[in-house]
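The structure appears right after this line, and notes come after that.
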Amino acid sequence: MPDRELLIRRGKPIQGVIRELWEFRELFLLLAWRDVLVRYKQTILGISWSVLRPVLTMAIFVVIFGKIAKLPDGGVPYPILVFAAMLPWQFFSNTVSESSNTLISNAAMVSKIYFPRIILPTTSMVVSLVDFLIAFVLLLMLMAWYGFYPTWKFALLPLLLILAAVTSMGIGFLISALNVKYRDFRHIVPFIVQLGLYVSPVGFSSAVIPEQWRLLYSINPMVGVIDGFRWAILGGDTSIYWPGFALSVGLGLTLFAIGVRYFLNTERSFADVI
Amino acid sequence: MSTAIQIEGLGKRYLIRHQKQDRYLSLRDEIMRTMHRAVDKLVHREEERQRPSGIEEFWALKDINLTIEQGERVGIIGRNGAGKSTLLKVLSRITEPTEGQVRIRGRVASLLEVGTGFHPELTGRENIFLNGAILGMKREEIRRRFDAIVDLAEVEKFLDTPVKRFSSGMYVRLAFAIAANLDSEILILDEVLAVGDQHFQNKCQGKMDEVGKKGRTIIFVSHNMGLIQKMTDRSILLVNGELTESGNTADVVAAYFSDRKSSSQSGDIKTRSDRLFINNITFCHDKLAAGFNRPLHFSFGISCKTVVDQVTVVLGIWNTLGSRLVTTRCTVMLPQGEANILDIALNNHHLPPGNYSLSVDIAIAAETIFSSEHLLFFDLSDLYVTERDLIPFLKHHRDKLGAFVPADITINAAVP
């Protein structure tokens, strides 16, 4: 019996959301596939940009922080120190900046077709994930080059990746939904991302931060993620500041909950406002 | 037969902001407004509880009740802004109703716009899969119907070309072909069949007939009255968001055209020019003399910021079957001023009695600044009433006479 009765009225039961996401999983995959495919169409270098971008950024950081500012490296090759942090940071910044615009750039779809709107910003995360994986292979090559071998902590990376995804999606959901109504966020996001790069421990280790400020510093949820990545990748005697990590994780999860809630609550008016 | 769609007391309200050209709401505005409101509350206490000034309620749909049986093909007609598209959007779950509810049994596929979700950079083949998924098809289903889609769209040669290089006809054909192959129980279409050339339109209609015979329910919006009458058995008429007429399509179409109020248009006639604005367009009933083939007068209220030279106005007159019967064109120079009246008279049009609609295209030099079909409607069915030589025969067949052509008569009397 294919007939399922559908009731359309004001307000939507939130429990239907998960089931609906499952129903639309193929659309989700296809949209992600589309975004990956489209990304480097009509470019000469194509997919190499995914490799080039992190390498260039890393080179800049190594020169500025490692050579000019001479920040301490704790006995780890500086490129690896930077790259270990670049991975989650790039993933985060790509996800946030792509997903915040995704509803606007797909406005035609939003106003003409029904589907769970949360698919769109989530798709951006998948695209960033592809870049992340490419960059990750680069990291492995870099480690092999320096003869730097991972420890058991390396196996915890998937968990940390999930944490990075949750944090960035929370912000992505929130901003993409806000962006529908207030286009200001289109201008705010590049600023957040740029500022975030400097206040997050990407170009330097967070051990640089004086002890009494570290908990405060961890209010930035990416601090926990990045520290976690460094800890897992560099292994050895790299220490992690657990209270700060816990705070970052907590804040990341809270952001996710707020983002999802706000998104689902405003979702139904997107077609009218966009 | 069971009910496919049941609409009960459906209403949709929009809040319109009347403000100087604020297209997007910026955060600053919202903050300022919230602060104003807070201050207002402190100062005025209970006095003002209304909506903040500049916001007006607008009911795009109001108290719609409708039951559609399974397998029915229903047309929705109405003027621009009558709420047709809003109704379809509510039925497709794109926007939420403000009140009332809809019960739908069966899978719904809706096509509100041709080619939504097409990505210009992707190839035809890739877009078929993407668009199919957007319309709710499973990948397996698309694969099964792939050949049928390509066949209907006639794009097999270009399957691996990015659709941005497609001609607009190919683009639209492909988009429609995907939608036509949807296997849903309920199909919602918004003015999408009126695309492509005649050959393709015939194909589409054949496809739709086939679809209809399979017992699928179709809801169909169109301004093309001919198509509506061909495609649907039953129709509803929406006027300003309210359902005013429901029943046999032919009757509803007649009711739509006979609505005399629609012979004038003013308000939201927007031109794409910053020099020339249209205040109103009117069919002048009072200037219509009784009798066949009398001049039709159309009056345009136009304001010009400067003198505008080479204004070309093209008028088209359409019948209820959706055929364009008459076209006229004039090029004028309009003086600067707020209240120019341009009066265009159509002589010798030979239009038979009936209901007609007017389409208007306006261009300055070679640039089209305004284009609208079915802008206003007028009724010429009473032409013969006072015709001097109206004999009983004509009275009975008044609406079946076609163009009334005067005859030149010569009598060669054979005088003995």
Side-chain angles (χ1 to χ4, degrees), chain A residues 1-12 20 23-43 104-117 119-120 178-188 266-274, chain B residues 2 4-5 7-8 10 12 14-15 23-30 70 89-108 110-113 115-122 126-127 129-140 142 162 164 184-185 190:
Chain A
M1 188 68 184
D3 278 16
R4 203 185 57 217
E5 194 172 281
L6 179 74
L7 183 66
I8 301 173
R9 60 192 304 170
R10 186 171 197 178
K12 182 169 151 190
E20 210 172 59
E23 265 171 47
F24 281 85
R25 64 192 183 279
E26 282 204 353
L27 178 64
F28 171 65
L29 291 175
L30 270 163
L31 284 176
W33 164 81
R34 173 194 78 171
D35 287 349
V36 171
L37 213 57
V38 158
R39 201 147 182 217
Y40 298 113
K41 284 235 174 176
Q42 220 171 14
T43 57
I104 310 287
S105 50
N106 288 292
M109 264 180 75
V110 171
S111 58
K112 299 284 179 191
I113 291 166
Y114 176 77
F115 60 96
R117 275 67 168 97
I119 284 181
L120 281 175
L178 282 165
N179 209 358
V180 171
K181 203 168 178 197
Y182 311 103
R183 299 291 152 99
D184 304 64
F185 285 91
R186 196 158 39 176
H187 308 291
I188 296 175
T266 49
E267 175 182 49
R268 57 185 78 123
S269 65
F270 284 171
D272 298 334
V273 183
I274 205 161
Chain B
S2 65
I5 299 177
I7 304 174
E8 291 162 5
L10 193 71
K12 171 76 187 175
Y14 285 102
L15 298 176
R23 288 195 49 219
Y24 299 119
L25 186 68
S26 76
L27 192 60
R28 188 196 58 191
D29 297 340
E30 192 82 331
Q70 202 189 318
K89 277 190 180 177
V90 171
L91 293 180
S92 325
R93 288 190 286 170
I94 290 165
T95 179
E96 219 186 24
T98 311
E99 50 178 47
Q101 61 175 37
V102 184
R103 281 175 194 285
I104 297 181
R105 288 176 68 86
R107 202 174 128 194
V108 182
S110 60
L111 187 58
L112 301 192
E113 189 183 65
T116 317
F118 262 36
H119 199 289
E121 300 282 355
L122 298 179
E126 290 162 345
N127 266 307
F129 281 94
L130 178 64
N131 201 249
I134 285 174
L135 294 174
M137 277 196 256
K138 296 266 168 284
R139 216 167 343 159
E140 189 43 48
I142 304 171
K164 66 177 175 183
S184 62
E185 283 97 20
D190 188 358

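Just the heavy atoms: all of them, side chains too, but no hydrogens, waters or symmetry mates, feed the values below. By convention in this document, chain letters (A, B, ...) are assigned in the order of the sequence lines, proteins followed by strands, and residues within each chain are numbered from 1.
Geometric assessment of Arg117(A) against the ring of Phe115(A) yields a positive cation-pi assignment under the 6.0 Å and 45° thresholds.
For the options Ala133(B), Gly100(B), Pro162(B), heavy-atom pairs under 4.5 Å to chain A are most numerous at Ala133(B). For the set Glu8(B), Lys89(B), Glu99(B), Gln101(B), the entry with the most heavy-atom pairs within less than 4.5 Å of chain A is Gln101(B).
Contacts of Leu91(B) with chain A are made by backbone atoms alone, with heavy-atom separations under 4.5 Å and no side-chain atom involved.
At most 12 heavy atoms of other shown residues, nucleotides or ligands fall within 6.0 angstrom of atom CZ in Arg139(B).
Phe129(B) meets the ring pair (Phe, Tyr, Trp, His ring centres under 6.0 Å) test with Phe146(B); sequence neighbours excluded. Every residue meeting the side chain to side chain contact (heavy atoms under 4.5 Å, CB included) condition with Ser92(B), not counting sequence neighbours, appears here in chain and number order: Ile94(B), Ser110(B), Leu112(B), Ile188(B).
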